[in-house]
2 protein chains.
Amino acid sequence: MNSLKQMDRGALSDALDHSGQRTTPQRETVFSVLLDQRDHPTADEVYARTKSRMPTISIATVYNCLETLVSCGLVKQVNIEREPTRYCPNLSPHAHFHCRETGRVYDVPVPSGMMQELAGVLPGEYEADSVELVFRGHLAKGKTK
Amino acid sequence: MNSLKQMDRGALSDALDHSGQRTTPQRETVFSVLLDQRDHPTADEVYARTKSRMPTISIATVYNCLETLVSCGLVKQVNIEREPTRYCPNLSPHAHFHCRETGRVYDVPVPSGMMQELAGVLPGEYEADSVELVFRGHLAKGKTK
DNA sequence: ACATAGTTTAGAATTATTCTAAATCAAATT
DNA sequence: AATTTGATTTAGAATAATTCTAAACTATGT
């Protein structure tokens with residue numbers, strides 16, 4: 001048993017159906033892991049967390065599931081420097097803040113309109129379908145969030 | 001002999017001096033390779049180009065030199081998805097456009113003020129020292145640039 | 001029930017990058 | 001000028017995230 005809420009389970013099977021892929025226990029569990037702890041885990045971290053709910057799952061399957069979730073639009077990959085890819089189920093437009101000290105990644109909500117405005121700086125010949133905005137720095141005194 | 005202009009040679013040794021590192025023929029040659037063809041090459045590509053000017057250089061040295069140039073602020077790393085790191089000697093504030101079709105990366109000038117404005121969306125507890133903006137998509141009909 | 005196609009799995013393979021340790025080089029000092 | 005010292009270069013080994021491979025499994029449609 002995974003901890004997907006009815007709503008999320010629905011969103012998952014809709015999205016999978018829509019892209020011609022099956023809803024499987026592995027995919028549900030991986031998705032629930034991402035939704036339950038929204039700290040931008042790496043594939044390895046997702047693997048560890050998923051394993052505690054589904055001990056027989058393999059790392060290859062975790063990679064497969066993550067790729068599937070990305071391909072059907074439910075999850076985004078976050079690439080920070082040369083570090084392992086992180087996964088993020090936050091679909092609303094947002095940026096990321098990467099703390100150099102702790103290595104942690106935080107979501108930063110971006111006012112609607114800002115993304116539009118950003119796209120506006122692109123010369124006409126470029127047609128962008130995604131915008132990635134990453135800040136890097138550190139958190140003010142003591143704030144660990 | 002590498003093809004560094006007097007100005008760039010000066011900037012290089014100043015920056016290296018300033019960070020307590022030596023000016024070497026390898027570093028000069030790698031830097032000149034980056035300045036001569038500004039197409040965001042990977043380390044492997046830099047290696048191939050440098051080799052034609054300095055056949056004895058090793059790939060490890062190319063990595064070392066690139067790291068050195070980044071550390072003294074003359075070059076920026078550009079990380080696009082899971083692809084190999086690319087290197088960029090453009091120090092003016094700019095974004096990148098990554099063409100999904102060709103894989104090429106283009107510099108996109110960003111109006112001064114835009115970067116400031118971006119930093120403005122960050123809640124107070126975040127202190128950013130760098131902002132990375134990457135667009136992904138494709139070039140309009142036929143435009144290969 | 002059977003065929004088909006999609007999915008999972010363990011382990012091997014890949015690949016960009018980093019590490020290691022020896023050789024080389026260059027500046028500073030005797 | 002020789003010597004010491006520390007930085008740099010180098011080839012090759014090691015690392016680590018990710019992808020690939022091929023066999024086993026599962027679900028679905030006929």
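Letters A, B, ... are given to chains in the order of the sequence lines, protein chains preceding strands, and every chain is numbered from 1.
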What residues, two or more places apart in sequence or in another chain, satisfy side chain to side chain contact (heavy atoms under 4.5 Å, CB included) together with B:V110? B:A95, B:M114, B:M115

Taking the nucleotide of DNA chain C with the closest heavy atom to each, which residue, B:D44 or B:R22, is nearer the 5' end? B:D44

Compile the donor-acceptor pairs under 3.5 Å between side chains in residues 11-18 of chain B and protein atoms, sequence neighbours left out, one pair per line.
from  : atom 1 : to    : atom 2 : distance (Å)
B:S13 : OG     : B:R9  : O      : 3.2
B:S13 : OG     : B:G10 : O      : 3.4

Residues forming a side chain to side chain contact (heavy atoms under 4.5 Å, CB included) with B:P123, sequence neighbours excluded: A:V108, B:E125, B:Y126

Name every donor-acceptor pair, under 3.5 Å, that has one atom in a side chain of residues 66-78 of chain A and the other anywhere in the protein, sequence neighbours excluded.
from  : atom 1 : to    : atom 2 : distance (Å)
A:T68 : OG1    : A:N64 : O      : 2.9
A:S71 : OG     : A:Q21 : OE1    : 3.4
A:S71 : OG     : A:T68 : O      : 2.8

Touch class at under 4.0 angstrom, heavy-atom based, for B:Q21 against every strand present: sugar-phosphate

Does C:dC25 have OP1 or OP2 sitting under 4.0 Å from an N or O in the side chain of B:Q26? no

Please tabulate the protein-to-nucleotide N/O contacts below 3.5 Å involving nucleotides 13-15 of chain C, giving atom names and distances.
none

Going by atom types alone, do B:R100 and B:H138 pair a side-chain donor with an acceptor below 3.5 Å? no

Can you name the residues that form a salt bridge (charged side-chain N to carboxylate O under 4.0 Å, His left out) with B:E117, not counting sequence neighbours? none

Work out how much the helix from C:dA1-D:dT30 to C:dT30-D:dA1 bends between its end axes, five pairs an end, to the nearest 10 degrees. 20°

Of all nucleotides in DNA chain D with an atom under 4.0 Å from a non-hydrogen atom of chain B, which is the first and which the last going 5' to 3'? D:dG6 to D:dT18

Where each residue is assigned the nucleotide of DNA chain D containing its nearest heavy atom, which of B:R82 and B:T56 is assigned the position nearer the 5′ end? B:T56

Salt bridge flag under 4.0 Å for residues B:D44 and B:R86: no

Can you pull out the residues from residues 57-73 of chain A that lie within a 4.0 Å heavy-atom distance of DNA chain C? A:I57, A:S58, A:A60, A:T61, A:N64

Is there a side-chain polar atom (N or O) of B:T24 under 4.0 Å from OP1 or OP2 of C:dA26? no

State, with a plain yes or no, whether a side-chain heavy atom of B:N90 is found less than 4.5 Å away from one of B:R38. yes

Holding to side chain to side chain contact (heavy atoms under 4.5 Å, CB included), I want the full list of residues that pass it with A:Q116, two or more places apart in sequence or in another chain. none

Atom-pair distance (CG on B:N79; P on C:dA16), nearest Å: 14 Å

With sequence neighbours excluded, residues passing side chain to side chain donor-acceptor pair (under 3.5 Å) with A:Y87: none

Within the structure shown, what part of the strands sits under 4.0 Å from A:T42 by heavy-atom distance: base, sugar-phosphate, or nothing? nothing

Any side-chain N or O of A:R27 below 4.0 angstrom from OP1/OP2 of C:dT7? yes

Examine the side chains of B:H96 and B:H94 and answer whether a donor and an acceptor come within less than 3.5 Å of each other. yes

By side chain to side chain donor-acceptor pair (under 3.5 Å) - contacts of A:R49 (at least two apart): A:D39

Check whether any side-chain heavy atom of B:H40 lies under 4.5 Å from a side-chain heavy atom of B:E45, and answer yes or no. no

